Enquirer: 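Right, I'll just put the structure down here and ask away after.
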Amino acid sequence: RMTVRHALNAMYVRGLLTRHQGRGTFIAEPKLDEPTDKFLSFTESMRRKGITPAARLLRLERIPATRSLAEELHIGLGQLVFYVNRLRLANLEPMVIEHSFFPTELFPDLDRQDLESQSIYQLLETVYGVHLAQASQSYEPTVANEEESALLKIPVGAPLMLIRRTAFDELQRPVEYAKDLYRGDRSRFVTNVSLRG
């Protein structure tokens, strides 16, 4: 019995098992690798894995830019931006909560677009002629609060990866500032680095 317990603990630490209080121990779903050295939308990343992406729009509104938002998007303090809050799903499983901000000056009728059935990045290209060229991103571990746990169907306090991103177009204009929350139990972030400078 002790040997089995040690083996189960080792598998839990490696992420191969999950424990649910009152329900027992289960085989963990495999983690989805997310490249950090390539700029891919969630939609494109999932499709490359053979997974069906989906989106549920939680909030969409025009809000005045705070000082930090104005700095990220290079706009005036109080200038209107679209706040887009979406839940992203992979094969109908909730995976990511997106908080995205877009200048209304660049995308004046974004609130009239279908933001649930298509990639926003694809929409920016096809509707507005804005082609994303690069992004600056940071990664920070955090834990789920009550609202996030309910949306992602994970326990309160479960690990999340917070990705902050500023995306730029071909003219080097910042066109999006985003804060994405990825489930830690279903995502693994990978990168390829050169050992030579």
Side-chain angles (χ1 to χ4, degrees), residues 32-49 51 53-90 94-142 148 151-152 160-183 187-193:
L32 302 178
D33 286 351
E34 297 296 336
T36 61
D37 53 348
K38 294 177 184 170
F39 185 40
L40 297 175
S41 69
F42 178 85
T43 299
E44 184 178 359
S45 177
M46 292 302 107
R47 285 178 177 161
R48 287 188 179 192
K49 297 176 180 69
I51 294 171
R56 198 172 99 212
L57 187 62
L58 304 174
R59 286 176 66 190
L60 171 58
E61 58 185 328
R62 296 173 193 244
I63 63 171
T66 61
R67 187 172 302 282
S68 60
L69 264 179
E71 289 175 0
E72 293 288 348
L73 293 172
H74 298 181
I75 59 177
L77 178 65
Q79 186 172 326
L80 289 179
V81 297
F82 281 113
Y83 168 47
V84 181
N85 180 206
R86 299 192 301 175
L87 178 66
R88 302 310 307 270
L89 304 101
M95 294 290 291
V96 184
I97 300 171
E98 296 177 340
H99 302 273
S100 301
F101 304 87
F102 302 90
T104 58
E105 186 176 10
L106 293 178
F107 313 108
D109 60 349
L110 187 63
D111 53 347
R112 297 180 191 165
Q113 306 298 329
D114 179 2
L115 304 181
E116 289 194 322
S117 65
Q118 60 184 319
S119 162
I120 288 184
Y121 290 166
Q122 187 67 36
L123 188 151
L124 299 186
E125 290 189 11
T126 57
V127 175
Y128 301 99
V130 172
H131 299 271
L132 300 185
Q134 66 182 60
S136 173
Q137 298 191 136
S138 66
Y139 298 79
E140 180 182 340
T142 186
E148 292 156 356
L151 287 170
L152 293 170
L160 300 173
M161 181 63 81
L162 169 61
I163 302 178
R164 290 186 174 92
R165 175 181 60 259
T166 304
F168 300 85
D169 68 4
E170 294 170 323
L171 302 176
Q172 293 299 303
R173 295 179 303 180
V175 297
E176 177 206 30
Y177 177 68
K179 294 186 289 186
D180 298 340
L181 288 161
Y182 279 74
R183 283 176 54 172
S187 305
R188 177 172 48 215
F189 296 89
V190 297
T191 188
N192 293 308
V193 297

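For reference, positions follow the sequence shown, starting with 1. Keep in mind the model is a prediction, meaning the values are calculated, not measured.
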Enquirer: Can you name the side-chain hydrogen bond (donor to acceptor under 3.5 Å, both in side chains) partners of Y121, sequence neighbours left out?
Expert: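 Only R165, E176 meet the side-chain hydrogen bond (donor to acceptor under 3.5 Å, both in side chains) criterion with Y121.
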Enquirer: Under the side-chain hydrogen bond (donor to acceptor under 3.5 Å, both in side chains) test, which residues partner Q122, sequence neighbours left out?
Expert: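 Counting only residues at least two positions away or on another chain, Q122 forms no side-chain hydrogen bond (donor to acceptor under 3.5 Å, both in side chains).
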Enquirer: Go through the structure and list residues passing salt bridge (charged side-chain N to carboxylate O under 4.0 Å, His left out) with E170, not counting sequence neighbours.
Expert: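 Partners of E170 under the salt bridge (charged side-chain N to carboxylate O under 4.0 Å, His left out) test: none.
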Enquirer: Can you name the residues that form a salt bridge (charged side-chain N to carboxylate O under 4.0 Å, His left out) with R47, not counting sequence neighbours?
Expert: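 Here no residue qualifies.
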Enquirer: Can you tell if the side chain of L73 reaches within under 4.5 Å of the side chain of V81, non-hydrogen atoms only?
Expert: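 A side-chain contact under 4.5 Å exists here.
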Enquirer: Looking at OG of S100 and OH of Y83, how far apart are the two atoms once the value is rounded to the nearest 0.5 Å?
Expert: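 So the gap between those two atoms works out to 8.5 Å.
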Enquirer: So, using side-chain hydrogen bond (donor to acceptor under 3.5 Å, both in side chains) as the criterion, who are the partners of Q113 when residues are at least two apart?
Expert: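 Applying side-chain hydrogen bond (donor to acceptor under 3.5 Å, both in side chains) to Q113 gives none.
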Enquirer: Strictly by salt bridge (charged side-chain N to carboxylate O under 4.0 Å, His left out), give each pair with a member in residues 108-130 just once, sequence neighbours left out.
Expert: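 For residues 108-130: R62-D111.
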Enquirer: Give every residue pair that meets the salt bridge (charged side-chain N to carboxylate O under 4.0 Å, His left out) criterion with at least one member in residues 65-84, sequence neighbours excluded.
Expert: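 For residues 65-84, and leaving out neighbouring residues, there are no salt bridge (charged side-chain N to carboxylate O under 4.0 Å, His left out) pairs at all.
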Enquirer: For Y128, check ring pair (Phe, Tyr, Trp, His ring centres under 6.0 Å) against everything at least two apart and list the hits.
Expert: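 For Y128, the residues satisfying ring pair (Phe, Tyr, Trp, His ring centres under 6.0 Å) (neighbours in sequence not counted) are F107.
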Enquirer: Given side chains that start at C-beta, do those of L110 and L115 come closer than 4.5 Å, heavy atoms only?
Expert: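 Side-chain contact under 4.5 Å: yes.
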Enquirer: By the salt bridge (charged side-chain N to carboxylate O under 4.0 Å, His left out) test, which pairs, at least two apart or in different chains, include something from residues 95-105?
Expert: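 Non-adjacent pairs meeting salt bridge (charged side-chain N to carboxylate O under 4.0 Å, His left out): R86-E98, R88-E98.
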Enquirer: Contact between F82 and I63 at the side-chain level, heavy atoms closer than 4.5 Å - yes or no?
Expert: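 The answer is no, as the side chains (C-beta and beyond) never meet within the 4.5 Å cut-off.
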Enquirer: For L87, enumerate each residue passing the side chain to side chain contact (heavy atoms under 4.5 Å, CB included) test, keeping only those at least two apart in sequence or located in another chain.
Expert: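 If we apply the side chain to side chain contact (heavy atoms under 4.5 Å, CB included) test to L87, skipping adjacent residues, the hits are R56, L58, P94, I97, L151, L152.
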Enquirer: Mind checking side-chain hydrogen bond (donor to acceptor under 3.5 Å, both in side chains) for S136 and listing every partner two or more places apart, or none if nothing turns up?
Expert: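 Per chain and number, S136 pairs via side-chain hydrogen bond (donor to acceptor under 3.5 Å, both in side chains) with no residue.
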Enquirer: Nearest 0.5 Å, please: how far is CZ in F101 from CD1 in I75?
Expert: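 The distance works out to 11.0 Å.
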